[in-house]
Asker: 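My questions will all concern the structure given below.
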Amino acid sequence: MTLKDTFQEVASSKPLFLTIYTTVIVGIVVSSFYVFSAVYSAEDSSPNSTTWVSSPPSLSHADFHQVSNSSPLATAVAVPPPLGRPVRPIWGVPPRNKKMPPLKTFRLTKELVQERAVDNVIIVTFGNFAFMDFILTWVKHLTDLGVYNLLVGAMDTKLLEALYWKGVPAFDMESHMSTVDVGWGSPTFHKMGREKVLLIDAILPFGVELLMCDTDMVWLKNPLPYLARYPEADVLTSSDQVVPTVIDDSLDIWQQVGAAYNIGIFHWRPTESAKKLAREWKEMLLADEKIWDQNGFNDIVRKQLGPSVDEDSGLVYAFDGNLKLGILPASIFCSGHTYFVQAMYQQLRLEPYAVHTTFQYAGTEGKRHRLREGMVFYDPPEYFDVPGGFLSFKPSIPKSLLFDGEHNIQSHFTLINYQMKQIRTALAIATVLDRTLVMPPLWCRMDRLWFPHPGVLEGSLTRQPFLCPLDHVFEINIMLKELPEDEFGPRIGIREYSFLDNPLMPKQVKDSWLDVQLCQVGSKDCQLSNSTNSKGVLRLPKHSNEETQSNS
């Protein structure tokens, strides 16, 4: 029996299942914050099983929208600043009976930066309102790690106001940027890149160390102790390196890093060499609007590269021959490739500090989905609790499709197409049952990259086959786009494959699971019935249909 037949049988039994679902509402009100946490441990399900997750009405609290505006920070509470620092706590929501201070209050000043700095270090990201959820996720990860010396640059007033009312320290970049997603490579995107250079050039004269970050990355471990290991470095930068040059947590070997230095994560000390680099980089970009900020950084910092500063640190003289540069190890300051494709840190038995959603597809939606697959993105409670409920299934993949024969284009697409047929059937069932489909993990035999390659990058730690991100196969941005229903049919919601394992999943949703299994007629507990066993399992005979079920 094919999986497609299995799904068709289950789909035909819709009336039976519609009588099974129950609704549970649990609301907890604690000082105007809704707090929930849960840890999920799944039992192995048998083959040919389909799981429905019943969904109660959306969780609500009278003040939740007012306090958090449905932010991904349902678990966030005000956290105090480091001892001895008289600054407003992060997540400390201002009183609603007061007006927001005037914009001039939020100007970037030396006093503002030094007030938030700890041990003379400030961590900064910036963006527009379109990246609000990324920014909140970025802040939440740092505060969860006990790191509070951060600031967010707001490129539009809408973001600035939203961050203020959530208790996130922010400053006005006076960019007057659009509030929508500008898209990678667009003129506005390049303008945003120039804003980063202007920020670095403006902050370094304040005399603080600056850890500058893009909003599409998250911190998984406090990076400040690591950065402090290299006090002689003027600049420490991440890179797009996909081949490991070290097997421990030391800096990458600069002579072996052929990939671009990636400016999504880099640390600057307020030295004369660093300030000179920032100034010349800014002047270069302002003189030619066609230069991509990252390419400009690579060109200028590589004007002179070498020799090594010493035998042990891994630092190299760069730029003007005086600047001391270090390249953060790609195994633990991860790109989208070393984290999601290679899992380099796992193979080297290291703990990652950060993941940056590079080497991915489907634009911003692809970045968001990658972080969700890694369970490091903070979504609001309603993301885990939709009115129609969820549908998941356990795919069936023959061993031969995964391991037999050569890993080539034909074997790769044979494997992909086999999985896509099952997903297509599951999407059809989700449409019939008006449920959101939890996508299964996808297996690939070859990598997806935007340039010619031999299947996997030579020297990388990619193993074949490997679990590949959803954007390796599906155009997620198109799947999630609002399209005319009369032309494209009803919209089908999807969730990432790790969705049911996410500790943010509410307990009442997890407890509402129903495991539907197809069994052989005559076997134990295999009968046409609405009853389930104590483990929430419903077993139905194979080849049954809606008519035989209605007569049972």
Asker: Quick one: closest heavy-atom pair of L348 and V246, and the distance?
Answerer: CD1-O, 4.0 Å
Asker: Kindly write out the residues that satisfy salt bridge (Lys or Arg N to Asp or Glu O under 4.0 Å) with D214, not counting sequence neighbours, or none if the list is empty.
Answerer: K196
Asker: D201 vs K282, test: salt bridge (charged side-chain N to carboxylate O under 4.0 Å, His left out). Steps then yes/no.
Answerer: CA-CA 7 Å; D201 183 62; K282 179 188 72 173; 2.9 Å; yes
Asker: Compute both the distance and the angle, then confirm whether R495 meets the cation-pi test with F384: under 6.0 Å from the six-membered ring centre, within 45 degrees of the axis.
Answerer: no
Asker: Using the side-chain contact (heavy atoms from CB on, under 4.5 Å) definition, which of the options I135, V152, L199 pairs with F126?
Answerer: L199
Asker: Using modelled atom types only, decide if a donor and an acceptor are shared between the side chain of S238 and the backbone of I265 within a distance under 3.5 Å.
Answerer: yes
Asker: Sequence neighbours left out, what passes ring-ring contact (aromatic ring centres under 6.0 Å, His included) with F297? Give chain and number order.
Answerer: F266, W281
Asker: Taking only residues two or more places apart in sequence or in another chain, which ones pass salt bridge (Lys or Arg N to Asp or Glu O under 4.0 Å) with K303?
Answerer: E280
Asker: Would you mind listing every salt bridge (charged side-chain N to carboxylate O under 4.0 Å, His left out) that reaches into residues 248-262, with sequence neighbours excluded?
Answerer: R229-D249
Asker: With sequence neighbours excluded, what pairs up with E475 under the side-chain hydrogen bond (donor to acceptor under 3.5 Å, both in side chains) test?
Answerer: R448
Asker: Quick one: ring-ring contact (aromatic ring centres under 6.0 Å, His included) partners of H337, sequence neighbours excluded?
Answerer: F359
Asker: Please report, to 0.1 Å, the donor-acceptor pairs under 3.5 Å made by any side chain of residues 467-474, with sequence neighbours excluded.
Answerer:
unit_1, atom_1, unit_2, atom_2, d
D471, OD1, Y361, N, 3.4
D471, OD1, R370, NH2, 3.0
D471, OD2, R370, NE, 2.7
H472, NE2, D447, OD1, 3.0

Asker: Who pairs with C213 by disulfide (SG to SG under 2.5 Å), at least two apart in sequence or on another chain?
Answerer: none
Asker: Might you point out which heavy atoms bring S273 and F319 nearest each other, and give the distance in Å?
Answerer: O-CE2, 4.0 Å
Asker: Kindly write out the residues that satisfy side-chain hydrogen bond (donor to acceptor under 3.5 Å, both in side chains) with D216, not counting sequence neighbours, or none if the list is empty.
Answerer: H356, T357, K367
Asker: Going by an N to O cut-off under 4.0 Å, is there a salt bridge joining D234 and R269?
Answerer: no
Asker: Which pairs pass salt bridge (charged side-chain N to carboxylate O under 4.0 Å, His left out) with one or both residues in residues 334-363, sequence neighbours excluded?
Answerer: K221-E351
Asker: Please answer whether the main-chain N or O of D133 pairs with a side-chain N or O of T137 as donor and acceptor at a distance below 3.5 Å.
Answerer: yes
Asker: From M375 CE over to S498 OG, what is the distance, rounded to the nearest 0.5 angstrom?
Answerer: 5.0 Å
Asker: State which residues pass side-chain hydrogen bond (donor to acceptor under 3.5 Å, both in side chains) with T237; sequence neighbours excluded, sorted by chain then number.
Answerer: none
Asker: Would the number of heavy atoms belonging to other residues, nucleotides or ligands and lying under 6.0 Å from CG of L145 be above 12?
Answerer: yes
Asker: For T338 and C334, indicate whether the former's side chain and the latter's backbone hold a donor-acceptor pair under 3.5 Å.
Answerer: no
Asker: Could I get the full list of ring-ring contact (aromatic ring centres under 6.0 Å, His included) partners for Y226, not counting sequence neighbours?
Answerer: Y230, F333, Y353
Asker: Ignoring hydrogens and angles, tell me if any N or O in the side chain of H141 forms a donor-acceptor pair with the backbone of V218 under 3.5 Å.
Answerer: no
